[in-house]
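Here the structure comes first, spelled out in structure tokens, and everything after it is commentary.
Any value given below was found using the heavy atoms of this structure, including those in side chains, with hydrogens, waters and symmetry copies removed.
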Amino acid sequence: MTSDNSYISGARVDEVVAGTEIPMLVLANEISPVLASGFSLIILAGIFTTAVPLLWTVSQRFFADGTPTFKRLTVVLAAVGTLIGLVLPFSQMVNVVYVINGYVGILLLVMMLLKTVLRLVRRQEI
């Protein structure tokens with residue numbers, strides 16, 4: 001039983017998702033708009049649960065949690081993040097974020113290794 005909306009055909013899937021920003025969302029919409037709406041909520045929840053702890057951590061590094069300056073910085077950073085998210089296409093934003101996260105991860109690894117080496121050297125001096 002084959003129809004125009006065959007979800008099994010690899011050629012059909014390629015036609016539908018080629019060049020899209022979020023292929024799984026497009027495929028979900030092909031199955032059912034209701035499914036796509038639910039999947040959209042899941043994507044938003046994933047973005048929210050990733051962004052909020054990162055935003056809180058950055059704000060807490062600069063100001064004590066709960067202070068007025070902490071709240072102002074958090075609102076400003078959230079507004080900047082929202083504006084960037086509205087301007088950049090999703091795929092470009094992901095490419096930028098992953099690259100930045102990679103470099104920050106390498107920097108943190110180097111700093112942790114340096115701290116460990118410095119601790120070991122200080123223990124040797126005593």
Side-chain angles (χ1 to χ4, degrees):
M1 181 163 130
T2 316
S3 70
D4 264 352
N5 291 337
S6 173
Y7 311 118
I8 313 265
S9 168
R12 172 82 173 123
V13 169
D14 289 345
E15 290 172 13
V16 172
V17 299
T20 61
E21 295 286 323
I22 308 171
M24 288 300 294
L25 184 57
V26 174
L27 288 175
N29 192 49
E30 283 288 309
I31 296 169
S32 164
V34 174
L35 182 63
S37 296
F39 194 69
S40 295
L41 292 175
I42 291 169
I43 291 171
L44 287 174
I47 292 169
F48 181 80
T49 58
T50 301
V52 168
L54 291 173
L55 178 62
W56 176 77
T57 302
V58 169
S59 296
Q60 192 180 35
R61 294 282 179 198
F62 292 103
F63 300 106
D65 192 11
T67 62
T69 50
F70 171 86
K71 292 176 183 177
R72 274 186 240 131
L73 177 64
T74 304
V75 168
V76 168
L77 290 175
V80 168
T82 301
L83 288 174
I84 291 170
L86 290 172
V87 172
L88 282 178
F90 184 74
S91 61
Q92 286 181 356
M93 185 172 53
V94 168
N95 286 337
V96 169
V97 168
Y98 275 106
V99 169
I100 290 171
N101 277 342
Y103 286 129
V104 169
I106 291 169
L107 180 65
L108 287 173
L109 178 63
V110 168
M111 291 171 64
M112 289 172 19
L113 290 172
L114 281 173
K115 187 172 184 176
T116 302
V117 168
L118 288 174
R119 272 192 196 154
L120 291 173
V121 168
R122 286 187 187 138
R123 285 186 185 164
Q124 296 291 332
E125 291 176 359
I126 296 177

So if you build clusters from Ile, Leu, Val, Met, Phe, Trp, Tyr with side-chain heavy-atom gaps below 4.5 Å, do [X] and [Y] land together?
{"X": "Val75", "Y": "Phe70", "result": "no"}
{"X": "Ile22", "Y": "Leu88", "result": "yes"}
{"X": "Met24", "Y": "Phe90", "result": "yes"}

**Prompt:** Which pairs with one or both residues in residues 97-116 pass side-chain hydrogen bond (donor to acceptor under 3.5 Å, both in side chains), sequence neighbours excluded?
**Reply:**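 Listed by first then second residue: nothing to list.
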Under 3.5 Å, side-chain donor or acceptor atoms of residues 33-41 against the rest of the protein: list the pairs with distances, not counting sequence neighbours.
{"from": "Ser37", "atom 1": "OG", "to": "Pro33", "atom 2": "O", "distance (Å)": "3.1"}
{"from": "Ser40", "atom 1": "OG", "to": "Ala36", "atom 2": "O", "distance (Å)": "2.9"}

**Prompt:** To the nearest 0.5 Å, what is the distance between CE (Met93) and CG (Asn95)?
**Reply:**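 Met93 CE to Asn95 CG: 10.5 Å, rounded to 0.5 Å.
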Non-neighbouring partners of [X] that pass side chain to side chain contact (heavy atoms under 4.5 Å, CB included), sequence neighbours left out:
{"X": "Thr20", "value": "Val17, Pro23, Val26"}
{"X": "Ile100", "value": "Val96, Val104"}
{"X": "Leu73", "value": "Ser59, Phe62, Phe63, Leu77"}
{"X": "Leu54", "value": "Thr50"}

**Asked** Would you say the side chain of Leu27 lies within less than 4.5 Å of the side chain of Ile31, judging by non-hydrogen atoms?
**Response**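 No, too far: nothing below the 4.5 Å cut-off.
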**Request:** Given side chain to side chain contact (heavy atoms under 4.5 Å, CB included), test Asn29 with Leu25 step by step and report yes or no.
**Result:** CA-CA 6 Å; Asn29 192 49; Leu25 184 57; 5.9 Å; no
**Prompt:** Considering residues at least two apart in sequence or located in another chain, which fulfil the side-chain hydrogen bond (donor to acceptor under 3.5 Å, both in side chains) criterion with Glu21?
**Reply:**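 Only Ser91 meet the side-chain hydrogen bond (donor to acceptor under 3.5 Å, both in side chains) criterion with Glu21.
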**Message:** Could you work out, with side-chain hydrogen bond (donor to acceptor under 3.5 Å, both in side chains) as the rule, every residue matching Thr67, not counting sequence neighbours?
**Reply:**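 For Thr67 the side-chain hydrogen bond (donor to acceptor under 3.5 Å, both in side chains) partners, ignoring immediate neighbours, are Thr69.
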Whichever hydrophobic residues join [X] through chains of side-chain contacts under 4.5 Å:
{"X": "Leu86", "result": "none"}
{"X": "Phe48", "result": "Val52"}
{"X": "Leu109", "result": "Leu113"}
{"X": "Leu107", "result": "Met111"}

**Prompt:** Of the non-hydrogen atoms in Gln60 and Asp65, which two are nearest, and what is the gap between them?
**Reply:**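 Of all heavy-atom pairs spanning Gln60 and Asp65, the closest is NE2-CB, 4.0 Å.
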